[in-house]
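Each chain gets a letter, A, B and so on, in the order its sequence line appears, and its residues count up from 1. Excluded from the calculations below are hydrogen atoms, water molecules and symmetry mates; all remaining heavy atoms, backbone and side chain alike, are included.
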Amino acid sequence: MADTAILRTRSLLQEAHCQTCSLSSLCLPLSLELKDMDQFDAIIRRRTPMKKGETLFRQGAPFTSVYAVRSGSLKQASTEGSGDDQLTNFYLPSELVGLDGIDEKHYAGTVIALETTTVCEIPFDRLDALSEELPELRAQLYRSMSKEMRDDRRMMRLLSRKTADQRLATFFTSLSDRFRRRGYSPYSFRLSMSRADIGNYLGLAVETVSRILGRFQSQGLVAVSGREVHILDLASLALVADEDGCR
Amino acid sequence: MFAQAIPSDCAETSRLIRELISQRGYDICRPHYLTYPEPRAFSDTFTAEDFQAALVRGNSAGQPLSLHVQVPFCRTPDSARQAPVVDTPMLEAYVSRLDREMVLTSRLLDHHQGIHRLHWVGAGATSFSLDQMSDLIDRLDARFGLVESRQRDYAIEVNPRESNVLTLRHLQALGFNRLILDVQDLDPAVQHTINRIQPRAKVESLVDEAHRLNLDALTMDLRIGLPSQTPDSVDRTLEQMIAMAPARVRVIPPPSRPRFALKTLRHRRQSPGTSDNVQTLMITSLERLVKAGYVYIGQGHFARPKDSLTLAQDQGRLAIDLQGYAIVGSGIQLGLGVAAISRVDDVYARNALSLGGYERALDAGRLATACGLELGGDECLRRDAIERLVCDMALDPRRLGDAFGVDGDACLAVLERDGLVARQGQGLVVTPAGRMLLGDIIQAFNDSG
């Protein structure tokens with residue numbers, strides 16, 4: 001009992017450094033040499049874990065840092081003139097939060113933890129300075145931004161053309177892919193977001209999300225219990241996601 | 001046929017129609033053909049048992065099934081439709097009555113291959129909550145079976161004021177593949193008068209979403225005869241509608257009874273007044289749509305030249321049913337809900353016209369049939385002749401003779417003199433002017449029948 005507690009503490013401490021973090025191969029320090037990683041690690045501010053529902057930063061607040069998700073997940077909501085919140089992103093471990101604030105010097109959306117979540121804060125001015133010295137770091141930063149732009153474009157395509165079935169199928173296949181790339185099971189994962197969040201993100205009424213989830217279950221594509229999702233037929237789900245629109 | 005000839009003759013046709021209306025008493029605002037004879041001729045001695053017997057006979061012939069659900073209510077008061085206002089619990093009760101009606105009818109119908117044509121119509125078709133819509137679709141599927149074929153025609157009348165893009169995405173997910181947008185009018189003053197504020201931007205967002213969802217055969221309804229409508233306002237509305245490029249447009253004439261008779265003084269004062277104005281509004285809207293490149297199918301229906309309706313009419317295979325023109329025959333037409341009409345072979349049946357009457361019958365475990373009719377052989381011939389005329393804008397003279405005998409010839413002579421029909425070889429064709437005054441042609445045959 002005492003041993004496990006010590007082990008856990010030790011592991012947390014180790015996790016708290018890039019050199020030992022299991023996500024380092026997916027995160028910013030991905031291509032850094034060990035000595036460079038020390039330099040990078042030195043600029044990172046560790047934060048205490050966030051509770052579910054806790055806000056990381058608010059839309060419009062001055063942009064100071066980007067954040068790497070170490071565990072848990074977050075959602076980003078943006079409010080336009082109309083006053084309705086639109087969910088614009090979900091963030092999973094190793095993904096970078098806040099990159100969209102660099103340009104306008106304030107955060108583009110409010111980011112809220114969906115569950116107990118730990119993030120590493122990376123002050124942007126120091127990241128910027130360090131990336132001058134470490135070309136690999138700069139390259140990785142560019143890659144992250146490029147990936148974010150690509151994801152945004154994919155999301156735009158999804159929101160502008162697709163049917164509700166395609167939207168939800170795409171949502172599941174892309175989540176599955178994100179989990180797979182992070183070394184988790186692509187077939188079984190836990191949804192930290194509510195159905196209302198999913199609906200808001202995909203531009204669907206929550207009733208529509210529930211209906212299509214029901215349909216996917218009866219078609220044997222997925223099994224959902226509570227927030228546990230089991231993808232039973234990823235190939236067919238990918239087919240639904242790519243259908244040409246009319247059923 | 002004549003479809004392609006209309007644009008060049010448009011001004012001439014309009015002139016002729018104006019003349020016929022002012023000098024010969026023709027009326028461009030006649031209600032569109034629905035049944036032969038008209039529903040008001042249905043007999044109240046026709047009972048639910050008669051209707052059930054007709055369903056059993058129709059079932060044994062193994063015909064396809066068309067089904068429509070009437071929802072003659074609104075969530076928000078709407079003086080143009082004059083539908084009773086209901087809330088979610090009342091609609092919940094209505095869904096369970098509809099389900100009872102489905103149970104009573106579906107057990108007599110087991111030879112069809114599922115619903116191949118489905119329509120949710122009436123002012124309140126989109127008044128249901130999204131969950132109620134899902135529920136109703138599931139019940140229809142459980143009782144009759146829905147089909148996934150691309151040939152299916154699943155249409156719903158959408159009230160733009162009560163709908164948004166999320167509604168349309170939900171409808172698409174339920175399997176609907178055609179929308180009828182009940183736009184009515186886009187002029188702010190007219191919308192204000194009928195208590196139906198639906199800005200153009202809102203309608204446009206629905207049209208855009210329909211295209212994105214591949215619900216391309218979009219129909220837009222324009223209502224003529226609304227209070228405050230002027231030739232200018234109708235022109236502006238049409239200009240905006242045409243800019244949104246719907247595949248089909250329906251111009252709906254005012255109801256034959258004055259709809260605003262019991263409304264406030266404001267309505268009466270602002271009503272278009274003389275029916276001359278309404279006739280003019282009808283003519284100018286028809287003219288405007290034809291000039292914009294729409295083909296006039298008939299009965300207020302317009303479609304683009306490559307639309308399936310236009311092609312079906314050109315090829316002489318257009319059909320007409322209780323929901324208007326169709327590209328395939330409808331087989332058994334079952335109407336569910338208050339005042340819904342059903343048609344099974346030579347039998348028409350209509351449900352109780354009041355919600356109370358409809359509920360009482362179903363709560364007692366009976367069908368809500370209030371009136372109906374079984375056509376005799378002669379009447380069937382006449383109906384079939386009229387329906388061919390309405391669809392083809394042409395008629396085989398033998399068919400005409402069989403159906404209407406010598407009276408038909410007399411009637412024809414008058415219509416021919418007035419330029420509504422013309423002889424072409426052995427056949428009889430409806431002229432462009434006749435197409436616009438189709439209601440009068442049908443009326444003439446009705447009277448001689």
For chain B, which residues of residues 194-208 of chain A have heavy atoms nearer than 4.5 angstrom: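 From residues 194-208 of chain A, the residues near chain B are A:G203, A:L204, A:A205, A:E207, A:T208.
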Taking atom [atom1] as the centre, does [X] end up with more than 12 heavy-atom neighbours from other residues, nucleotides or ligands that are less than 6.0 angstrom away?
X      : atom1 : value
A:E54  : CD    : yes
B:K202 : NZ    : yes
A:M149 : CE    : no
A:R47  : CZ    : yes
A:F124 : CZ    : yes
A:K52  : NZ    : no

Nearest-0.5 Å distance that lies between atom CD in A:Q166 and atom CG in B:L213: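 Here the interatomic distance stands at 9.0 Å.
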Can you tell me how far NE2 of B:H170 sits from CD1 of A:I212, rounded to the nearest 0.5 angstrom?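 Rounded to the nearest 0.5 Å, the CD1-NE2 separation comes out at 8.5 Å.
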Contacting region of B:L171 [heavy-atom separation from chain A under 4.5 Å]: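 The answer is neither part of B:L171.
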Any donor-acceptor pair under 3.5 Å linking the side chain of A:R211 with the backbone of B:L130?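 Looks like no, no N/O pair under 3.5 Å.
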Which atom pair, heavy atoms only, marks the closest approach of A:A164 to B:R169?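 Heavy-atom minimum between the residues: CB-O, 4.1 Å.
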